[in-house]
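Reviewing the structure listed below.
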Amino acid sequence: MNQSQHTELLGLSFQQLREIVESCGQARYRARQLLDGLYRQRWSALEQFTVLPMALRQQLIQSGCSVGSPRIEKKFVSTDGTIRYLLAFSDGQSIETVWMPEGDGGEAGDGSEMGDTELQELNTTLCHPERSESAVADERSRRTPILEGSPDAGAGAPSFRPQLAKGWDRNAGDTKGRFQRATICVSSQVGCAVDCAFCMTALLGLKRNLSAGEIVGQILAVLNDQQVEMERDRVNLVFMGQGEPFLNYDNFMQAVRLLVEAVGIPESRMTVSTSGLVPRIADFGAEPVRPKLAVSLNAPNEILRTQVMPINAKWTIAKLMAALREFPLRNRERLTFEYVLLGGLNDDVQHAREVAELIRGLRAKVNLIALNPGPEIPFSMPSPERVLAFQDVLTRAGIPAFIRRPRGRDIYAACGQLKHTTDLVQLGE
Ligand code: SAH
Ligand code: SF4
């Protein structure tokens with residue numbers, strides 16, 4: 001191997017590892033061991049690869065190879081169990097990755113779309129802390145929500161019953177207190193160039209793309225920190241952290257292939273969200289291995305969408321919907337539309353009717369996200385009544401619509417809040 005080159009092994013495929021091993025004069029099965037150590041054992045230093053001969057390890061180290069794991073700089077723990085990790089790379093850049101032990105609100109198909117507990121929570125705790133439970137119950141009894149994954153789905157007025165937080169198993173025995181279906185929210189870039197008006201990541205601008213190794217490395221760092229065992233624990237991934245994955249398409253896809261083939265996370269447990277890069281949607285549809293697709297719609301018409309998502313000037317709703325109508329969905333797969341509700345701007349029932357019109361005929365669901373507020377974000381949260389009314393219109397139009405429960409708002413870990421908030425707000429640690 002070239003003596004002076006610095007090579008980070010995380011992110012390399014079997015083929016690439018084989019070339020390195022062979023250039024060291026070693027048999028190719030050593031590449032398989034290297035692959036296993038990197039992605040299955042999740043070792044973060046070459047010294048841990050004791051399955052390899054000492055001579056090979058030393059040769060790799062001397063020729064400038066390292067694993068390339070990110071360093072956990074800080075952890076912020078939310079009252080709801082969500083953990084926001086600040087992870088640093090070797091060049092000093094850092095990103096944020098979020099661990100949600102109770103699932104993800106449904107993006108990765110973990111069945112945790114907002115149900116009874118969450119609706120109640122949204123109404124009482126977050127938006128109108130003064131509202132009583134009975135007022136919420138009254139309101140709910142007038143509605144017929146579609147609650148996917150809930151035994152009450154379509155049953156009219158489901159009863160309130162004590163529930164454990166989703167994802168935690170009351171009878172877990174030895175694993176008591178462990179998660180049952182955690183979700184990791186993954187970043188694809190440092191910052192983002194897309195500049196959506198409601199998003200805190202946009203305030204960073206784009207610093208740089210993450211390499212495939214950095215995308216995978218952040219996930220492995222969190223899996224290690226949470227002592228996840230792939231055979232035992234169910235983990236979903238949502239590529240909804242910092243950045244626009246489709247503006248870092250090749251690295252993102254290389255990371256996906258490694259996660260599926262080497263780490264062992266099925267593609268069916270992954271969802272990627274895009275702000276709507278139309279040409280990449282077509283490329284993505286043609287991938288043999290790919291996560292599910294979510295699209296950030298966020299507005300019901302061209303004028304409003306361009307106002308809050310400048311990307312709409314180029315990739316208009318018309319072009320976006322045309323691409324989505326061509327998108328090859330797999331068996332039982334649905335598209336997800338994300339819609340951030342901005343109080344008084346895009347949260348009217350008339351807007352919901354426009355959204356229903358846009359989506360009509362597509363196999364899709366809508367995730368409604370009440371704005372997660374933050375410093376320098378010039379929008380307000382929608383009222384719970386408007387959120388519910390918006391959902392009702394979609395539901396009545398036959399479009400499954402779910403209200404996303406915000407995760408980790410208190411630590412700025414919720415959607416659109418990923419930024420280096422350490423320098424924005426004082427957080428209790
Ligand atoms: N860049 C990609 C993925 C990361 S953003 C995308 O835009 O799709 C993930 C989701 O967070 C998007 O659906 C986005 O619309 C939403 N989001 C951004 N800022 C938000 C905020 N302040 N409150 C709630 N959701 C927000
Ligand atoms: Fe970028 Fe997504 Fe934030 Fe828009 S919402 S600025 S695309 S991270």
Side-chain angles (χ1 to χ4, degrees), residues 95-98 100 104-108 122 126-127 183-207 209-210 215 237-249 252 270-278 280-281 284 291-299 304-315 320 324 335-343 345-347 355 365-382 387 402-409 412-419 421 424:
I95 46 110
E96 298 181 333
T97 308
V98 181
M100 293 171 277
D104 67 322
E107 278 87 355
L122 177 88
L126 289 161
C127 303
T183 296
I184 302 176
C185 180
V186 183
S187 292
S188 54
Q189 298 181 307
V190 185
C192 185
V194 180
D195 207 20
C196 301
F198 44 80
C199 176
M200 281 173 71
T201 306
L203 299 172
L204 285 171
L206 177 66
K207 304 278 190 232
N209 280 335
L210 294 186
I215 296 174
L237 301 180
V238 292
F239 295 92
M240 299 186 182
Q242 278 182 21
E244 167 50 56
F246 283 7
L247 282 176
N248 185 18
Y249 186 82
F252 159 68
M270 300 179 190
T271 302
V272 62
S273 174
T274 179
S275 54
L277 279 123
V278 169
R280 285 313 197 191
I281 289 175
F284 185 66
K292 288 177 283 188
L293 180 63
V295 176
S296 298
L297 183 60
N298 296 338
L304 265 184
R305 193 165 192 266
T306 306
Q307 199 179 321
V308 294
M309 297 182 71
I311 192 175
N312 198 67
K314 185 167 170 72
W315 302 116
L320 179 60
L324 294 175
L335 291 170
T336 299
F337 287 95
E338 293 153 294
Y339 194 98
V340 181
L341 290 155
L342 309 165
L345 190 79
N346 67 354
D347 63 342
V355 170
K365 64 170 174 169
V366 176
N367 277 345
L368 298 171
I369 316 171
L371 173 77
N372 291 314
E376 302 170 56
I377 298 299
F379 299 103
S380 51
M381 288 170 65
V387 176
F402 305 95
I403 302 169
R404 293 257 347 261
R405 174 160 59 137
R407 310 294 154 109
R409 259 190 194 163
Y412 284 87
C415 295
Q417 293 187 311
L418 299 187
K419 185 178 188 288
T421 39
L424 266 175

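Just so you know, residue 1 is the first one in the sequence shown, and it goes up from there. Computed from a predicted structure; not experimentally measured. Below, all heavy atoms of this structure are taken into account, side chains as well, without hydrogens, waters or symmetry copies. Order of listing sets the numbers, starting from 1, for every ligand and every atom in it.
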Can you check whether Ile369 has an N/O within less than 3.5 Å of an N/O in ligand 1?
no
Of all the non-hydrogen atoms in the protein, which one sits nearest to atom 18 (C) of ligand 1, and at what distance?
Gly416 CA, 3.4 Å
Parallel, tilted or perpendicular: which one describes the rings of Tyr249 and Phe284, with boundaries at 30° and 60°?
perpendicular
State the CG-CG distance between Leu304 and Asn312, to the nearest 0.5 angstrom.
10.0 Å
Contact atoms of ligand 1, heavy-atom distance to Gly241 under 4.0 Å:
4 (C)
Got the closest protein heavy atom to atom 10 (C) of ligand 1, with its distance?
Glu338 OE2, 3.9 Å
Please determine which of Ser296, Pro245, Cys185 meets the side-chain contact (heavy atoms from CB on, under 4.5 Å) test together with Met240.
Cys185
Element-labelled atoms of ligand 1 that are located less than 4.0 Å from some non-hydrogen atom of Glu244
1 (N), 2 (C)
Say whether Val340 and ligand 1 are in contact under the criterion: heavy-atom distance to a ligand atom below 4.0 Å.
yes
Do any N/O atoms on Met200 end up under 3.5 angstrom from N/O atoms on ligand 1?
no
Do any heavy atoms of Gly374 fall under 4.0 Å from ligand 1?
no
If we count only N and O atoms by modelled type, under 3.5 Å, do the side chains of Ser273 and Glu338 hold a donor and an acceptor together?
yes
Say you draw a straight line from CD1 of Ile377 to SG of Cys199; how long is it, rounded to the nearest 0.5 Å?
7.0 Å
Within-2.8 Å protein N/O/S contacts of atom 1 (Fe) of ligand 2
Cys192 SG
Is it the case that the side chain of Gln242 and the backbone of Gly191 share a donor-acceptor pair, with hydrogens and angles ignored and the cut-off at 3.5 Å?
yes
If you have a sec, work out which protein heavy atom is nearest atom 5 (S) of ligand 1 and how many Å separate them, to one decimal?
Met240 O, 4.0 Å
Rounded distance (nearest 0.5 Å) linking atom OG1 of Thr201 with atom CG of Asp195:
11.5 Å
Exercise: do Glu244 and Ser275 side chains pair donor with acceptor under 3.5 Å:
yes
Quick one: nearest non-hydrogen protein atom to atom 1 (N) of ligand 1, plus distance?
Gly243 O, 2.9 Å
Within the 4.0 Å heavy-atom shell around Leu371, which atoms of ligand 1 are there?
21 (C), 22 (N), 23 (N)
Identify, by atom number and element, the atoms of ligand 1 in contact range of Asn298, meaning under 4.0 Å from any of its heavy atoms.
15 (O)
Nearest protein heavy-atom contact for atom 23 (N) of ligand 1: which residue, which atom, what distance?
Asn372 N, 2.8 Å
For Thr274, counting its heavy atoms only, list the atoms of ligand 1 lying under 4.0 Å from any of them.
6 (C), 8 (O)
Shortest protein contact, atom 2 (C) of ligand 1 (heavy atom only):
Ser273 O, 3.4 Å
Quick one: nearest non-hydrogen protein atom to atom 22 (N) of ligand 1, plus distance?
Phe198 O, 2.8 Å
Do Val186 and Val238 make a side-chain contact, defined as non-hydrogen atoms from C-beta onward lying under 4.5 Å apart?
no
How long is the gap from CG on Asn298 to CG on Leu345, to the nearest 0.5 Å?
11.0 Å
Test side chain to side chain contact (heavy atoms under 4.5 Å, CB included) on Val295 and Leu293; report intermediate values, then the result.
CA-CA 7 Å; Val295 176; Leu293 180 63; 4.2 Å; yes
Going by distance alone, is a donor N or O of one side chain under 3.5 Å from an acceptor N or O of the other, for Asn248 and Gln189?
no
Can you name the atoms of ligand 1, numbered from 1 with element, that are less than 4.0 Å from a heavy atom of Ser296?
6 (C), 7 (O), 8 (O), 12 (C), 13 (O), 14 (C), 15 (O)
Would Pro373 count as a contact residue for ligand 1, given that I'm defining contact as a non-hydrogen atom of the residue lying under 4.0 Å from a ligand atom?
no
Side-chain heavy atoms of Thr271 within contact of Phe239, under 4.5 Å:
no
For the atom pair SG (Cys196) and CG (Leu203), what is the distance rounded to the nearest 0.5 Å?
11.0 Å
Considering only protein heavy atoms, which is closest to atom 11 (O) of ligand 1, and at what distance to one decimal place?
Cys415 CB, 3.4 Å
Starting at CZ of Phe379, measure out to CG of Asp347 and round the result to the nearest 0.5 Å.
12.0 Å
